[in-house]
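Below is one structure, written out as structure tokens; the observations come after it.
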Amino acid sequence: MIKKAVIPAAGLGTRFLPATKAQPKEMLPIIDTPTIQYVVQEAVDSGIEDILIISGKGKRAIEDHFDRNPELESRLSNEEKEQLFEEMRHISDMANIHYIRQREMNGLGDAIYYAKQHTGNEPFAVLLGDTIINSAIPVTQQLIDAYEQYQSAIVAVERVPFDKVSRYGIVGGKQLSDNIMEVTQFVEKPAQSEAPSNLAIAGRYILTPEIYKALEHTPKGKNNELQLTDALMLLTQTERVIADTIEGKRYDIGNKLDYLKTIVEYGLLRKEFSDPFYHFLVETLAAYGNAKKPS
Ligand code: UTP
């Protein structure tokens with residue numbers, strides 16, 4: 001059974017400056033809920049009981065968010081705002097959350113390596129702290145199900161249009177069934193003509209303890225950082241690595257345009273805003289269309 005998860009959240013978030021100059025991008029709200037709260041909720045909904053957040057400089061707001069806030073709770077209970085009170089309590093009771101600080105931003109692979117002692121000999125889930133996935137079955141649960149069948153490292157992938165493969169980490173290998181591939185290749189941002197498939201790495205993984213040995217033997221890669229995909233590529237030489245095409249829609253909050261799209265979609269999905277927001281969008285698009293068409 002997989003009970004532990006690691007959430008890397010130490011990155012600098014340079015793609016989202018200036019918003020991320022003094023606040024973590026993982027705290028950027030989707031309407032009223034910070035991105036990382038969705039990520040923790042997905043882990044909890046998948047049966048995870050213990051979460052290690054890889055934190056770093058300027059990330060205190062994440063710890064404060066999952067901590068109790070007695071002053072706020074007492075104010076809410078005095079004002080008889082029971083529902084808000086319960087919501088605030090729920091956030092601090094979601095899971096057993098631990099923190100470790102990544103000392104230098106040396107890449108996702110380096111961030112994961114900080115979890116070595118905490119996860120020990122157990123397989124564990126990894127959920128990127130800046131990526132949310134809207135799905136009927138939590139994606140981490142989908143990966144845990146695949147792990148139970150294959151007993152090896154599992155990488156979540158999603159189909160992307162072929163003309164967009166150059167934006168993603170792409171996997172290639174032998175298709176074992178409709179949604180399962182045995183991976184032999186990880187290619188970072190390939191040209192369309194060189195992409196082995198259109199299956200893009202989606203920010204969720206199940207890793208086995210063997211990943212730590214692979215990380216130790218992985219040289220620094222792109223941006224002079226230790227890349228998780230390079231370590232996974234190395235792992236394929238000694239172990240089976242499976243790509244599972246997940247059911248769900250992924251949103252990368254660390255990218256400004258994707259963030260904007262996420263807010264719009266989640267706004268439309270939110271019951272209390274759905275109707276007025278839909279009408280606002282229709283009116284705005286009509287007015288915008290009359291005034292100026294995007295080039
Ligand atoms: P990104 O690849 O988006 O990198 O990280 P980044 O450095 O945060 O962002 P940009 O590219 O500068 O805009 C994916 C996830 O991995 C974490 C990030 O916090 C994010 O949740 N991460 C990345 C780390 O924890 N440590 C790192 O050294 C790099």
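Read the numbers this way: they start at 1 and go in the same order the structure lists the ligands and their atoms.
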Next on the checklist: I need the single residue from N198, L199, I242 that forms a side-chain contact (heavy atoms from CB on, under 4.5 Å) with V171. Which is it?
Outcome noted: L199

Next on the checklist: Run Y147 and T208 through side-chain hydrogen bond (donor to acceptor under 3.5 Å, both in side chains) and show every step you take.
Outcome noted: CA-CA 10 Å; Y147 176 81; T208 56; over 6 Å; no

Are any of the N/O atoms in [X] less than 3.5 Å from those in ligand 1?
X    : result
P8   : yes
G107 : yes
I54  : no
A10  : yes

Checklist outcome for this item: Note: N106, heavy atoms under 4.0 Å from ligand 1, region reported as backbone

Checklist entry - Which bit of K25 gets closer than 4.0 Å to ligand 1, counting heavy atoms only: side chain, backbone, both or neither? => result side chain

Output side-chain donor-acceptor pairs under 3.5 Å for residues 220-239, partner residues at least two apart or in another chain, one line each.
{"residue": "Q227", "atom": "NE2", "partner": "K222", "partner atom": "O", "Å": "3.0"}
{"residue": "T236", "atom": "OG1", "partner": "M233", "partner atom": "O", "Å": "2.4"}
{"residue": "T238", "atom": "OG1", "partner": "L235", "partner atom": "O", "Å": "3.3"}

Next on the checklist: Going by the closest heavy atom to atom 20 (C) of ligand 1, which one wins out of D130, L128, T14?
Outcome noted: D130

Checklist entry - Can you tell which of E26, K59, Q102 gets a heavy atom nearest to atom 19 (O) of ligand 1? => result E26

Checklist entry - D110: heavy atom below 4.0 Å from ligand 1, yes or no? => result no

Checklist entry - Contact between G254 and ligand 1, counting heavy atoms under 4.0 Å? => result no

Strictly below 4.0 Å, N to O, side chains only: are [X] and [Y] in salt-bridge contact?
X    : Y   : value
R204 : E42 : yes
R60  : D64 : yes
K59  : E26 : yes
D50  : K4  : no

Checklist entry - Checking ring pair (Phe, Tyr, Trp, His ring centres under 6.0 Å) for the pair F162/Y168: CA distance, chi angles, key distance, verdict? => result CA-CA 11 Å; F162 268 105; Y168 300 93; over 10 Å; no

Those atoms of ligand 1 less than 4.0 Å from some heavy atom in [X]:
X    : answer
L12  : 7 (O), 8 (O)
G129 : 21 (O)
A111 : 24 (C), 25 (O), 26 (N)

Distance to 0.1 Å, residue and atom name: give those for the protein heavy atom nearest to [atom].
atom                    : result
atom 2 (O) of ligand 1  : R15 NH2, 4.4 Å
atom 16 (O) of ligand 1 : L108 CD1, 3.7 Å
atom 23 (C) of ligand 1 : G11 CA, 3.8 Å

Checklist entry - Looking at V241 and V155, what are the two nearest heavy atoms and their distance? => result CG1-CG2, 4.0 Å

Checklist entry - With sequence neighbours left out, what residues match E188 under salt bridge (Lys or Arg N to Asp or Glu O under 4.0 Å)? => result none

